[in-house]
Number of protein chains: 2
Amino acid sequence: MTDSPFAAVRHLDLFAQMSDEAFARLMRGAYLQSFPPQLQLITEGDPSDFLHVLISGRVELYSSWDGRETSMATVHPVSTFILAATVRDAPYLMSARTVEKCRLVLIPSQDARAVFEQDFGFAKAIVTELARCYRSTIRTSKSLKLRNSQERLANYLLRQLGKSGNRTRFELLAEKRRVASYLGMTPENLSRAFNALKAHGVEIDGSSVTIVDRDKLLSFARPNPLLDDYSN
Amino acid sequence: MTDSPFAAVRHLDLFAQMSDEAFARLMRGAYLQSFPPQLQLITEGDPSDFLHVLISGRVELYSSWDGRETSMATVHPVSTFILAATVRDAPYLMSARTVEKCRLVLIPSQDARAVFEQDFGFAKAIVTELARCYRSTIRTSKSLKLRNSQERLANYLLRQLGKSGNRTRFELLAEKRRVASYLGMTPENLSRAFNALKAHGVEIDGSSVTIVDRDKLLSFARPNPLLDDYSN
DNA sequence: TGTTGGTCTTGATAATTATCAAGGCGACCG
DNA sequence: CGGTCGCCTTGATAATTATCAAGACCAACA
């Protein structure tokens, strides 16, 4: 086990402000593990045994009820997930599965809680991170309630456009069925929504999206920082 | 200005763990204010000037986009709202209006942030509170994506039933149009959903709800702690 | 006591979204 | 190279939800 994955953890905002001693205590029981694609890491409802830090690969968070399933988020490296369940010592609210081959650092939840009780810097960083997650989820909820599926897709594409550095052409970072579920619709509906957006300056070829007319898309999507700016 | 509202603030989980000194510093610039019904307290997008503590009355949190509006939550005393915006020093994501006559303690956000930086107890309490809010919002989002409107209403009624101490008859604590918006539907649709639930053991008379057959409602609603138990 | 304004309900209709079925396409693999 | 599998798309249809319009009800109030 090399030192580098732990260095990557250390550089995360969540762990950067804590003392070396507290970080060492946190990592004492932590370990790095690799997982194959499509492996279920977490089952919702289970007790939160580990704080997960994704080092490489992608992880999908999803939830189920009564045989239905919905994609809640995709986690990209390097970041943590299920922080809230860990600090509350409560069951996971979402399941997690690897999308591709992944490396994760697993930190025993009781260690995370113990260090949280002792290290002020860690506690402060957790506040910042949880506030960010909370606000992000509020935005998701607003988007679901205030917009129809075409509008959600249009704004999703604009956000992806921003993340890709405003190159007019970019790749969807997940399969369409996953994107559909994330946006709260069926794959069929997503397909038709893409067709509808052709009239608003969007071209799609496989997983490659081209924003032909950004202004036209903007005037249709009406993005709003209170729904679409996930940075704060 | 009597001392009692500040005592009520002190007893909130969020403020109970901090030092007397830190609490005093926090309250130095705080003040109690009364507001009439239907008054807009906060406009989404505005900078977060004050951490709000509701002492009496009810406050509705809501959001708008493109002329549409949706109810996000109803705040009951004694509790805080817009904590996340305050700690992140970010714009409010939701607007707030009084439902009835309200008394609020307003704590300058910069004081809250300053004390948060200094007082470990306060920081820890914020973590707990934010994690609770975050998980609550995740549940809302899951409910919106995994359930149709009748199922959302059925489970909402079961939650209200629990809150009322399982008395079979209880009052809706908000106008139906507000409940409808909170649950992500129109008032007309809510009205029809209530009619549909008659077949599953629910009787409605004005704002008074009677659960005639709890088991029948349970078998229709299929409540799940991962969606409906807002306590942790 | 009549008026007024709001909410709630109901019916009719439209829009949105989901479901079902079939076929196309591409990747992977024997 | 042919076959198989999964994903995506399209069409047809159904279910869900929203919109529009009208009327009932109720509380506040002059």
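FYI, side chains are in, hydrogens and waters are out, and symmetry mates aren't considered; it's all heavy atoms of this structure. Residue numbering restarts at 1 for every chain, and letters A, B, ... go by the order of the sequence lines.
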Legend entry - Nearest-nucleotide pick for B:Asn148, side chain only, options being D:dT17, C:dT7, C:dT9: D:dT17

Legend entry - Main-chain N/O of B:Ser164 paired with B:Arg167 side-chain donor or acceptor, under 3.5 Å: yes

Inset, instruction - Send over the distance from A:Glu151 CD to C:dT17 P, rounded to a whole Å. - result: 9 Å

Inset, instruction - Among D:dT10, D:dA18, C:dT19, find the nucleotide with the atom closest to the side chain of A:Thr186. - result: C:dT19

Legend entry - Whole angstrom value for the distance that separates C1' of C:dA18 from CZ of A:Arg68: 12 Å

Inset, instruction - Evaluate the side-chain proximity of A:Arg139 to B:Leu93: yes if any heavy-atom separation is below 4.5 Å, no if none is. - result: yes

Inset, instruction - Record whether the side chain of B:Glu188 comes under 3.5 Å of the base of D:dC20 through a donor-acceptor pair of N or O atoms. - result: yes

Legend entry - Between C:dT16 (P) and A:Leu153 (CG): distance, integer Å: 15 Å

Legend entry - Closest nucleotide among D:dT9, C:dT9, C:dA18 to the B:Lys176 side chain: C:dT9

Inset, instruction - Verify the contact: side-chain N or O of B:Ser191 to OP1 or OP2 of C:dC8, cut-off strictly under 4.0 Å; return yes or no. - result: no

Inset, instruction - Using a cut-off of strictly less than 4.0 Å, decide whether A:Asn195 has a side-chain nitrogen or oxygen near OP1 or OP2 of D:dT10. - result: yes

Inset, instruction - May I have the distance from A:Arg147 (atom CZ) to C:dT16 (atom P), rounded to whole angstrom? - result: 16 Å

Inset, instruction - Would you kindly give the CD-to-P distance between A:Gln150 and C:dA15, to the nearest whole Å? - result: 13 Å

Legend entry - Heavy-atom check, side chain of A:Val53 versus side chain of A:Phe81, under 4.5 Å: no

Inset, instruction - Could you tell me whether B:Arg222 and B:Asp228 have a side-chain N and a carboxylate O separated by less than 4.0 Å? - result: no

Legend entry - Length of the line joining B:Lys145:NZ and C:dA18:P, which is rounded to integer Å: 11 Å

Inset, instruction - Would you mind reading off the distance between A:Ile204 atom CD1 and D:dT10 atom P, rounded to a whole angstrom? - result: 11 Å

Legend entry - d(CD, B:Gln38; C1', D:dA28) in whole Å: 15 Å

Inset, instruction - Decide, yes or no, whether a salt bridge links B:Lys198 with B:Glu203 under the criterion of side-chain N to carboxylate O below 4.0 Å. - result: no

Legend entry - Contact nearer the 5' end of DNA chain C, comparing B:Arg192 with B:Arg177: B:Arg177

